[in-house]
Amino acid sequence: MIHDDIKKIYITEEEIQVKTLELAKQINVDYDNKRPVLIGLLKGCTNFMMDLIKRVDLYLETDYMDVTSYHGTTQSSGIVTIDRDLKVDIKGRHVLIVEDIVDTGFTLKKIIKVLKDRGAASVKTVSLLDKPSGRKVEVSVEYIGFTVENEFFVGYGLDYREEYRNLPYVGILKPEVYSK
Ligand code: IMP
Ligand code: MG
């Protein structure tokens, strides 16, 4: 079972739910009357996006971008490609990017620039996790769920080689999993 591969549960399901509600309440206040477009970055955003938008009590639209920067390993590269683009026209719209984790910052920096260049009225980011120790480029993240240490995390959307996204919590893998 996938749970057996976990060395440690780092953030529990309950902690995530409490934090998500907190973030949603702040977004309710900050985006009141702004009809924002929430843009999820696939695939890591999915679990967080679903839980977050249920708690945001605003008129909003959702859309998704599929962006590759990680290639499914623990090594990050600075190359960011858009594999699936938006359907919504974001010109003049208030955009809120929904991320699972900000690590080097390459992904976010590139996407923020793309969205601003398309004429968004504002571009901000909400990320479940922030790993500041991994940062290689400066980027601002307005809403952060949890600031985490320099580890590799899986679960609640986050993958290792495309697996473990379905864990209901955020955890750290046992070292032997990497040598499988
Ligand atoms: P960045 O461009 O380095 O900031 O990378 C952001 C993306 O890398 C995230 O959206 C994740 O998909 C992936 N990533 C970064 N750190 C982790 C991790 O600890 N576990 C799983 N994926 C990660
Ligand atoms: Mg991601």
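Counting convention: from 1, in listed order, for ligands and their atoms alike.
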Task: Any pair counted as ring-ring contact (aromatic ring centres under 6.0 Å, His included), so long as it reaches residues 6-60, sequence neighbours left out - done: Tyr10-Phe153
TODO: May I ask which of Lys131, Lys43, Glu99, Lys110 has a heavy atom nearer to atom 16 (N) of ligand 1 than the others do?
DONE: Lys131
Task: Proximal atoms of ligand 1 relative to Asp159 (non-hydrogen, under 4.0 Å) - done: 21 (C)
Task: N or O pair under 3.5 Å between Phe153 and ligand 1 - done: yes
Open item on the list: If hydrophobic clusters are built from ILVMFWY residues whose side chains come within less than 4.5 Å, do Met49 and Val18 share one?
Closed with: no
Task: Proximity of Asp103 to ligand 1 by residue part, where a heavy atom lies under 4.0 Å - done: both
TODO: Give the intermediate values and the outcome of side-chain hydrogen bond (donor to acceptor under 3.5 Å, both in side chains) for residues Asp51 and Tyr156.
DONE: CA-CA 11 Å; Asp51 281 339; Tyr156 200 70; 2.5 Å; yes
Task: Glu99 side chain reached by Thr107 side chain, heavy atoms, under 4.5 Å - done: yes
Open item on the list: Quick one, Tyr169 and His3 - any side-chain contact, counting heavy atoms below 4.5 Å?
Closed with: yes
Task: Option whose closest heavy atom lies nearest to atom 6 (C) of ligand 1, chosen from Val154, Leu173, Ile101 - done: Ile101
Open item on the list: If we set the cut-off at 4.0 Å for heavy atoms, which region of Glu151 has an atom near ligand 1: side chain, backbone, both, or neither?
Closed with: backbone
Task: With Ser122 via side-chain contact (heavy atoms from CB on, under 4.5 Å) - residues at least two apart - done: His94
- [ ] Check the hydrophobic clustering (I, L, V, M, F, W, Y; side-chain heavy atoms under 4.5 Å; chains of links allowed) and say if Ile144 and Leu21 are grouped together.
- [x] no
Task: Geometric N/O contact Gly105 with ligand 1, under 3.5 angstrom - done: yes
- [ ] Would you mind running through ligand 1 and noting each atom that sits below 4.0 Å from a heavy atom of Thr107?
- [x] 1 (P), 2 (O), 5 (O), 6 (C)
Task: Side chain, backbone, both or neither: Val80 near ligand 1, heavy atoms under 4.0 Å - done: neither
Open item on the list: Under 4.0 Å, counting heavy atoms only: does Leu41 come that close to any atom of ligand 1?
Closed with: no
